[in-house]
Amino acid sequence: MATFLYKLGRLSFRRRWWAVLLWVALLFGIGAGAASSSGAVPDDFSLPGTESQEALDLMEEEFPEANADSVETTVVFQAPDGQDITAAEWRQAVGGVLAELEGADKVLSVTDPFAEQSGAVSGSTAYTTVDYDIASGDVSTEMHDELIAAMEGGREAGLAVEASGEVAMGEIEMGGGEVIGIVVAAIVLVITFGSLIAAGLPLLTALIGVMVGVLGIAALSTTLGLSETTGILAMMIGLAVGIDYALFIVSRYRAELIAGHSHEEAAGRATGTAGSAVVFAGLTVIIALAGLAVVNIPVLTKMGLAASANVAVAVLVALTLVPAALGIVGKRIFGRRLRKQNPETGVPASLTKPGKENGGTRWARGLLRRPALALGASVIGLGVLAVPVASMELGLPDNGTQPEDTTLRKAYDMLSEGFGPGFNGPLMLILDGRDGADLEATAGTVTGELEQIEGIAASAPAMYNEDGTMATLLAFPTTGPSDHDTTELVHQLRDELAPQIESQSGAEMLVSGAAAANIDFSDVMNDALVPYLALVVGLAFILLILVFRSILVPLKAALGFLLSVLAALGSVVAVFQWGWAAELIGVEETGPIMSLMPIFMVGVIFGLAMDYEVFLVTRMREAHVHGEGPSQSVVTGFNLNARVVTAAAVIMISVFAGFAVTSTEAMIKMMGFGLGIAVLLDAFVVRMIIVPAVMGLVGERAWWLPKWLDRILPNVDVEGESLERYLEANGKGRDAVDRQREPAGV
């Protein structure tokens with residue numbers, strides 16, 4: 001593979017303008033497709049195989065009138081100072097708001113809270129439900145503005161008026177976290193390379209790759225049901241790996257120039273060696289992300305596949321567009337001050353001096369003097385950070401976790417105050433009597449049983465479908481949707497009441513509703529975590545055995561990843577659930593950790609962690625293959641790659657941190673923080689301390705591979721042994737010929 005990539009790098013270098021033209025044409029073509037798309041769709045939190053999803057499917061089939069493709073908004077009214085909302089003055093004020101809402105754009109119906117038996121009035125509080133004739137995701141700014149204007153009319157009359165729902169939420173502000181990441185990345189790259197051109201090249205090529213990926217997601221959003229959140233997460237990951245992959249190619253290119261090779265030869269060698277590492281690092285990320293499909297949750301599958309597609313684009317950009325861009329910038333890959341040292345070739349004479357030690361060399365030598373101490377301290381530190389994982393609570397965010405100054409949160413609190421905490425998350429009980437059960441009698445039995453169950457505040461009368469074979473009724477818990485007691489209540493209804501009802505009447509009882517669906521989602525995530533870990537770690541372990549031709553190195557990589565991801569999850573729990581230092585990144589409300597956070601974070605971080613493992617250890621492997629001893633190969637690997645890995649990690653951390661700090665979307669903020677802290681711990685603790693410490697302790701055994709396994713494994717040649725043989729056999733005098741062929745100014 002290294003030889004193929006070497007030829008690809010040289011071809012891209014020689015045909016640089018054609019390569020650039022192809023990528024630009026691809027970008028504009030996909031952009032045209034995105035422009036013609038009808039826009040992103042909301043996240044699909046369907047849960048195949050769960051009881052709540054089975055109940056929702058039955059509802060859609062048997063109660064089609066209750067499942068119209070519409071958006072619903074709840075508007076809550078509260079009279080001042082605890083006054084009765086049914087007083088004439090307040091009824092008139094509410095009526096004015098209702099009249100204004102009825103005339104708003106796309107409104108199908110507005111319920112009257114004061115209608116007899118509506119159940120929408122409680123003391124000083126009342127609410128109305130507004131149905132819009134639109135699909136979820138099609139809310140316009142005009143609809144949001146009309147809703148707010150109607151609410152303002154009620155506020156001017158003296159009422160407290162708040163609303164929940166998609167129309168009330170309006171457009172989500174993502175915060176422009178990518179801008180912060182790009183700015184920090186630019187600063188780091190300038191410091192690393194000492195050249196604006198060299199710093200700008202990884203940024204520019206990564207941005208082109210990200211734009212191709214994100215526009216592709218936008219173009220396919222309606223067809224494949226890709227949400228805006230999916231696009232944002234794919235952009236976050238694509239931008240981070242895109243800059244990193246380009247950085248490694250550019251860094252190796254400069255190293256090959258310093259070694260005395262011509263520009264085209266250096267581009268080929270950089271693509272053949274560092275490019276091989278990019279391919280395998282990208283494959284680990286893609287495996288980890290695409291593997292999310294095994295969880296069988298549509299939203300998670302789409303996030304994983306979209307992000308893995310962006311990573312694949314980043315790999316292709318690094319292998320083709322980056323060598324082409326290197327051909328365009330020519331000698332300017334070094335800063336002007338350094339180029340003056342050797343105007344003819346542009347390669348600084350000060351960098352070609354042999355035996356030069358750098359910070360990476362000194363760091364590695366220091367660790368190898370006390371490897372056991374460094375290893376022990378690192379493992380203990382990560383273990384302490386992982387402690388909060390033991391108390392992690394999973395759930396999905398609801399309006400109760402919104403910032404206190406939002407209308408969504410205020411409406412949630414007003415409904416809780418007026419009707420009880422469980423009103424915001426009622427449980428829907430589905431009674432299936434298609435086998436001939438007497439549903440009216442069964443519904444009466446269920447209602448009587450609910451009155452005896454602790455934790456049920458009230459229930460609503462049953463509703464029946466047209467042929468009387470299906471019934472639904474609502475049960476209102478005494479606790480909020482995300483409370484642990486509500487989870488216990490759902491399990492009690494399913495495990496105790498449902499079997500009892502079926503044995504007595506023959507009717508099947510299913511428990512659904514938003515709260516039950518959230519509980520099912522969390523259960524599915526918990527059940528899938530271990531199989532997913534086994535699949536992803538197992539596949540990547542095999543891939544790393546191919547890369548390093550070793551058993552201990554992949555095992556060390558996997559164990560180090562588990563340490564870093566547990567420590568990162570512990571940090572997420574400490575900040576987002578316990579509230580430690582939450583205000584520093586703008587977390588206004590603490591609560592359960594999003595159900596999909598741990599498994600998605602495991603997938604992403606495993607792939608990204610393997611990036612640094614591959615980039616760092618392949619240089620150690622390369623040095624070892626060329627005859628260096630175990631300790632010296634570690635020092636050589638750090639001498640050549642530690643600075644670049646550090647820069648890459650800082651860039652990736654800054655990209656994720658930008659989203660964590662600026663986004664107002666809870667999921668994006670939590671993902672950004674979790675991914676950022678995980679990269680921080682993995683790059684600077686696991687890869688920079690634990691890896692060299694373990695390599696120093698095990699010595700030559702690090703590269704042990706059973707002979708029988710060595711014989712059957714294909715040789716992927718990441719360190720470029722076959723490339724060296726190819727160059728020796730076919731490349732004598734190549735550099736001299738290349739320099740003669742290079743156009744002026746290269």
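One-based numbering along the sequence shown.
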Counting C-beta onward and ignoring hydrogens, is there a side-chain heavy-atom pair between Val553 and Leu544 closer than 4.5 Å?
no
Flag for Trp23-Thr320: side-chain donor and acceptor within less than 3.5 Å
yes
Looking at Ala649 and Ala683, what are the two nearest heavy atoms and their distance?
CB-CB, 3.5 Å
Phe638 vs Arg362 side-chain heavy atoms within contact, under 4.5 Å:
no
Report yes if some heavy atom in the side chain of Leu319 is under 4.5 Å from a heavy atom in the side chain of Thr271; otherwise report no.
yes
Note: Pro630 and Glu700 closest approach over all heavy atoms is CG-OE1, 3.3 Å
Heavy-atom check, side chain of Tyr532 versus side chain of Leu300, under 4.5 Å
no
Return the minimal non-hydrogen interatomic distance between Phe576 and Met670, and the atom names on each side.
CZ-CA, 3.7 Å
Could you please spell out the steps behind the side chain to side chain contact (heavy atoms under 4.5 Å, CB included) verdict for Leu292 and Met303?
CA-CA 8 Å; Leu292 291 169; Met303 286 180 180; 5.6 Å; no
Less than 4.5 Å apart, side chain to side chain, heavy atoms only: is that true for Arg549 and Arg621?
yes
More than 12 foreign heavy atoms under 6.0 Å from CE of Met392: is that the case here?
yes
Output the distance between atom CG (Leu566) and atom CD1 (Ile605), rounded to the nearest 0.5 Å.
12.0 Å
Show the numbers, then the answer: is there a side chain to side chain contact (heavy atoms under 4.5 Å, CB included) between Val315 and Val285?
CA-CA 11 Å; Val315 172; Val285 181; over 6 Å; no
Rounded distance [0.5 Å steps], CZ in Arg687 versus CD in Glu613
4.5 Å
Examine distances only and state if a side-chain atom of Trp363 and a backbone atom of Ala642 form a donor-acceptor pair shorter than 3.5 Å.
no
Has Phe4 got more than 12 heavy atoms of other residues, nucleotides or ligands less than 6.0 Å from its CZ?
no
Stepwise side chain to side chain contact (heavy atoms under 4.5 Å, CB included) test for Met688 and Thr646:
CA-CA 9 Å; Met688 289 294 175; Thr646 300; 3.5 Å; yes
The side-chain contact (heavy atoms from CB on, under 4.5 Å) partner of Leu321 among Leu326, Ile208, Ile249, Leu201 is Ile208
Return yes if some donor-acceptor pair links the side-chain N/O of Ser251 with the main-chain N/O of Leu247 below 3.5 Å, else return no.
no
Short question: side chain of Lys669, backbone of Ile585 - any donor-acceptor pair under 3.5 Å?
yes
Please report the interatomic distance CG(Leu239) to CG(Leu207), rounded to the nearest 0.5 Å.
6.0 Å
Can you give me the closest heavy-atom contact between Ala270 and Tyr253, atom names plus distance?
CB-N, 3.5 Å
Please give me the minimum heavy-atom distance between Val691 and Met620, naming the atom from each residue.
CG1-CE, 4.3 Å
Between CG on residue Leu697 and CG on residue Leu375, distance to nearest 0.5 Å
6.5 Å
Short side-chain to backbone donor-acceptor contact, Ser308 and Leu305, under 3.5 Å:
yes
Can you see which heavy atom on Leu368 is nearest to which on Gly696, and at what distance?
CD2-CA, 3.6 Å
Determine whether Leu680 and Phe684 make a side-chain contact, defined as any pair of heavy atoms from C-beta on separated by less than 4.5 Å.
yes
Would you check, one step at a time, whether the test side chain to side chain contact (heavy atoms under 4.5 Å, CB included) holds for Arg10 with Glu265?
CA-CA 7 Å; Arg10 287 178 63 94; Glu265 180 69 11; 2.6 Å; yes
Could you check whether any side-chain heavy atom of Val686 comes within less than 4.5 Å of a side-chain heavy atom of Ser378, counting everything from C-beta outward?
no
Can you tell me if Arg643 uses its side chain to pair, donor with acceptor, with the backbone of Gly359 under 3.5 Å?
no
With a 4.5 Å cut-off on side-chain heavy atoms, are Leu385 and Ile677 touching?
no
Quick one: does Ser564's side chain have a donor or acceptor within less than 3.5 Å of a partner on Leu681's backbone?
no
Short side-chain to backbone donor-acceptor contact, Arg370 and Leu367, under 3.5 Å
no
Rounded to the nearest 0.5 Å, what's the gap from CG on Leu709 to CH2 on Trp704? Could you check?
8.5 Å
Distance (rounded to the nearest 0.5 Å) between Leu316 CG and Tyr245 OH
11.5 Å
Keeping the roles fixed (side chain from Asn310, backbone from Ala234), state whether a donor-acceptor pair exists under 3.5 Å.
yes
Under 3.5 Å, is there a donor-acceptor pair between the side chain of Ser654 and the main chain of Ile651?
yes
